[in-house]
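The next block holds one structure in the form of structure tokens; read it before the comments.
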Amino acid sequence: MMSYATTVAISHLTSRESEVLRLVANGRSAKEVALELSIAPCTVERHIENVRLKTRTRNRAHMIAVVLQDGWLASAPVAVG
């Protein structure tokens with residue numbers, strides 16, 4: 001069950017932040033995400049940092065662990081292609 005804090009944080013993510021989060025959670029590096037989304041790697045890093053702050057997590061690994069534990073990513077599959 002998703003915690004209230006994560007539910008609120010996830011609901012405040014932009015669509016781009018959500019997209020970046022899904023890709024990073026699936027093992028893509030910032031550089032790979034940047035290539036896939038046609039944006040700069042530093043922009044990807046900024047989105048990751050925004051998600052980390054919104055989810056109140058310590059680092060990227062903690063951020064992914066929290067959203068996986070709360071079940072958010074299980075309901076948000078990544079589009080392949």
Side-chain angles (χ1 to χ4, degrees):
M1 180 166 163
M2 196 178 307
S3 72
Y4 175 75
T6 304
T7 301
V8 170
I10 295 300
S11 70
H12 286 88
L13 296 182
T14 66
S15 59
R16 184 63 92 179
E17 288 168 347
S18 295
E19 188 174 21
V20 168
L21 175 59
R22 285 186 204 107
L23 293 168
V24 169
N26 278 292
R28 289 185 178 84
S29 68
K31 194 175 203 177
E32 291 168 330
V33 173
L35 287 171
E36 186 164 334
L37 300 179
S38 300
I39 59 178
C42 61
T43 303
V44 173
E45 292 294 346
R46 174 53 35 206
H47 288 312
I48 292 168
E49 181 64 9
N50 288 341
V51 173
R52 191 193 63 74
L53 291 170
K54 288 178 181 181
T55 56
R56 298 180 185 168
T57 50
R58 293 183 296 276
N59 53 44
R60 190 179 302 198
H62 184 222
M63 175 184 71
I64 299 303
V66 166
V67 296
L68 285 173
Q69 177 182 352
D70 286 344
W72 182 77
L73 287 174
S75 63
V78 174
V80 178

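Since the model is a prediction, treat every value here as computed from it, not as a measurement.
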Could you tell me which non-hydrogen atom of [X] sits nearest to which non-hydrogen atom of [Y], and how far apart they are?
X     : Y     : value
Arg58 : His62 : N-ND1, 3.0 Å
Thr14 : Lys54 : N-NZ, 4.2 Å
Ala40 : Ala34 : C-CB, 3.8 Å

Answer whether the closest heavy-atom distance between the side chains of [X] and [Y] falls below 4.5 Å.
X     : Y     : result
Val20 : Val51 : no
Glu45 : Arg60 : yes
Leu23 : Glu32 : no
Val66 : Arg56 : no

- request: Could you give me the CA-CA distance, side-chain angles and deciding distance for His47 and Val24, then say whether side-chain contact (heavy atoms from CB on, under 4.5 Å) is met?
  value: CA-CA 11 Å; His47 288 312; Val24 169; over 6 Å; no
- request: Please answer whether the main-chain N or O of Asn59 pairs with a side-chain N or O of Arg52 as donor and acceptor at a distance below 3.5 Å.
  value: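 Absent.
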- request: Answer yes or no: is there an ion pair linking Glu19 with Arg16, defined by an N-O contact shorter than 4.0 Å?
  value: yes
Rounded to the nearest 0.5 Å, what separates atom [atom1] in [X] from atom [atom2] in [Y]?
X     : Y     : atom1 : atom2 : answer
Leu35 : Arg28 : CG    : CZ    : 11.0 Å
Ile48 : Ile64 : CD1   : CD1   : 8.0 Å
Leu68 : Met63 : CG    : CE    : 10.0 Å

